[in-house]
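What follows is one structure encoded as structure tokens, with my remarks underneath.
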2 protein chains.
Amino acid sequence: MSKTKPKNSANSGLRPTSRALPIALLRTREHIMEPIRPMLAEIGLTEQKWRVLRILTEIGPLEQTAIARHACLLLPSLTRILSRMEADGLIRRAQDPDDKRRSIVQISKQGSALIEAHQPFSNQVYRDLEKKYGREKLDLLLDMLEEIQEIKF
Amino acid sequence: MSKTKPKNSANSGLRPTSRALPIALLRTREHIMEPIRPMLAEIGLTEQKWRVLRILTEIGPLEQTAIARHACLLLPSLTRILSRMEADGLIRRAQDPDDKRRSIVQISKQGSALIEAHQPFSNQVYRDLEKKYGREKLDLLLDMLEEIQEIKF
DNA sequence: TATTGTTATACTCTATAACTATA
DNA sequence: TATAGTTATAGAGTATAACAATA
């Protein structure tokens with residue numbers, strides 16, 4: 001019934017790390033990613049590249065500043081990542097004719113094929129999570145996470 | 001009432017990224033970290049070093065394998081991080097007399113002082129979050145995150 | 001034989017600033 | 001003047017393997 005308190009020494013008034021949101025989010029993410037990482041390693045994609053492909057699949061052709069925002073990447077990082085992905089044939093870049101500073105990034109057939117080939121695995125991981133955690137609770141959690149992201153600090 | 005669906009092209013049966021838990025967790029964490037990062041930069045700590053200090057404060061002297069697990073770091077990364085932190089006087093390492101393979105890491109006075117000096121800021125960020133998001137909801141969210149971390153995949 | 005931690009290596013990401021081209 | 005993206009650079013983290021010391 002009663003939770004065991006950490007028997008610590010110098011913890012004067014600081015929340016335990018399990019109740020510190022940034023750390024809790026990180027640990028949860030690491031835990032969730034554990035079964036997913038071997039799959040990404042197998043198809044030779046970093047998590048970052050994977051996110052870029054997912055976002056391009058979801059939204060469609062997109063300028064780089066927007067991709068960086070959606071994928072939680074800095075623009076200089078994205079530049080390098082996209083160069084490599086373009087060389088690997090996963091995406092294409094084209095100058096925006098209306099604003100020549102912009103370049104529009106689009107997923108390639110090969111990139112789409114990679115996403116599609118992975119989809120059964122991804123869905124299976126998700127179903128497993130639904131089964132072990134509960135569909136409604138998972139849905140609620142995703143709602144709650146979205147709501148936090150809308151807060152202005 | 002009805003949620004607006006993303007008007008995308010090739011999104012055949014894949015969850016939107018906002019409903020993919022690893023991405024949602026990452027975005028939420030980035031959003032939360034935004035006001036915290038300038039503070040860390042000011043005191044010259046990376047997020048990783050900050051986590052190590054927090055964990056040592058919470059649990060007390062700890063061997064490196066355990067720190068790595070709690071802080072979501074690989075052991076080789078931790079080795080380098082601790083070397084630097086030891087040189088900077090933030091932690092101390094001592095060989096475990098009972099098992100000479102192990103080394104026990106302990107936070108130093110200077111490290112504790114850094115944590116303490118930061119505490120008002122940390123608490124303020126947390127209160128701000130409670131105020132804008134709701135204390136009960138935040139507590140529920142932390143409970144839910146802890147529960148996910150206990151799932152066996 | 002297995003475990004703790006270190007070292008080595010190659011790759012990747014982060015963070016910041018300076019820069020180019022365009023608006 | 002401001003913005004989109006690139007390049008440069010220094011620092012840091014990731015991932016894997018090999019290793020030494022100890023159990």
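Letters go in sequence order (proteins before strands), and every chain restarts at 1.
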Exercise. Reckon B:Ser77 touches a base, only the sugar-phosphate, or nothing at all at heavy-atom distances under 4.0 Å?
Worked result: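 If one applies the 4.0 Å heavy-atom cut-off, B:Ser77 turns out to touch a base.
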Problem set entry | Pair B:Arg37 + B:Glu30, salt bridge at N-O below 4.0 Å |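 Yes, B:Arg37 and B:Glu30 are salt-bridged.
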Problem set entry | Short N-O contact, B:Arg19 and A:Glu146, less than 4.0 angstrom | yes
Would you mind reading off the distance between [X] atom [atom1] and [N] atom [atom2], rounded to a whole angstrom?
X: B:Glu30; N: C:dA15; atom1: CD; atom2: C1'; result: 13 Å
X: A:Gln95; N: C:dT22; atom1: CD; atom2: C1'; result: 9 Å
X: B:Leu45; N: D:dA12; atom1: CG; atom2: P; result: 11 Å
X: A:Glu34; N: D:dA15; atom1: CD; atom2: P; result: 11 Å
X: B:Arg37; N: D:dA12; atom1: CZ; atom2: C1'; result: 14 Å
X: A:Met85; N: D:dT6; atom1: CE; atom2: C1'; result: 18 Å
X: A:Asp99; N: D:dA4; atom1: CG; atom2: C1'; result: 7 Å
X: A:Ile67; N: D:dA4; atom1: CD1; atom2: P; result: 14 Å

Problem set entry | Exercise: do B:Arg15 and A:Ser122 side chains pair donor with acceptor under 3.5 Å | yes
For this session: Enumerate the residue pairs fulfilling side chain to side chain donor-acceptor pair (under 3.5 Å) with a member in residues 64-81 of chain A, sequence neighbours excluded, ordered by first and then second residue.
Result: A:Gln64-A:Ser103
Exercise. Would you find a donor on one side and an acceptor on the other, under 3.5 Å apart, between the side chain of B:Glu63 and the backbone of B:Arg102?
Worked result: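 No.
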Specify the closest pair of heavy atoms between [X] and [Y], including all atoms of both residues, with the distance to one decimal.
X: A:Cys72; Y: A:Arg51; answer: O-NH2, 3.9 Å
X: A:Leu14; Y: B:Gln119; answer: CD1-CG, 3.2 Å
X: A:Pro35; Y: A:Phe121; answer: O-CZ, 3.6 Å

Exercise. Would you call B:Glu150 and A:His31 a side-chain contact if the rule is heavy atoms closer than 4.5 Å?
Worked result: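 B:Glu150 vs A:His31: side chains apart.
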Exercise. B:Ile81 or B:Pro97: which one's nearest nucleotide on DNA chain D is closer to the 5' end?
Worked result: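 Residue closer to the 5' terminus by nearest nucleotide: B:Ile81.
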For nucleotides 5-8 of chain C, print each protein N/O atom paired with a nucleotide N/O atom at under 3.5 Å, atom names and distance only.
unit_1	atom_1	unit_2	atom_2	d
C:dG5	OP1	B:Gln64	N	3.4
C:dG5	OP1	B:Ser103	N	3.1
C:dG5	OP1	B:Ser103	O	3.3
C:dG5	OP2	B:Thr65	N	2.9
C:dG5	OP2	B:Thr65	OG1	2.4
C:dT6	OP1	B:Arg93	NH1	3.0
C:dT6	OP2	B:Gln64	OE1	2.7
C:dT6	OP2	B:Thr79	OG1	2.8

Exercise. Which residues in residues 20-29 of chain A have at least one heavy atom lying under 4.0 Å from any atom of DNA chain D?
Worked result: none
Exercise. Does a nitrogen or oxygen in the side chain of B:Thr46 sit under 4.0 Å from OP1 or OP2 of D:dG13?
Worked result: yes
Problem set entry | Among C:dT16, D:dG13, D:dA15, the nucleotide that comes nearest once only the side chain of B:Gln48 is considered |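 Taking heavy atoms from C-beta onward, the closest nucleotide is D:dG13.
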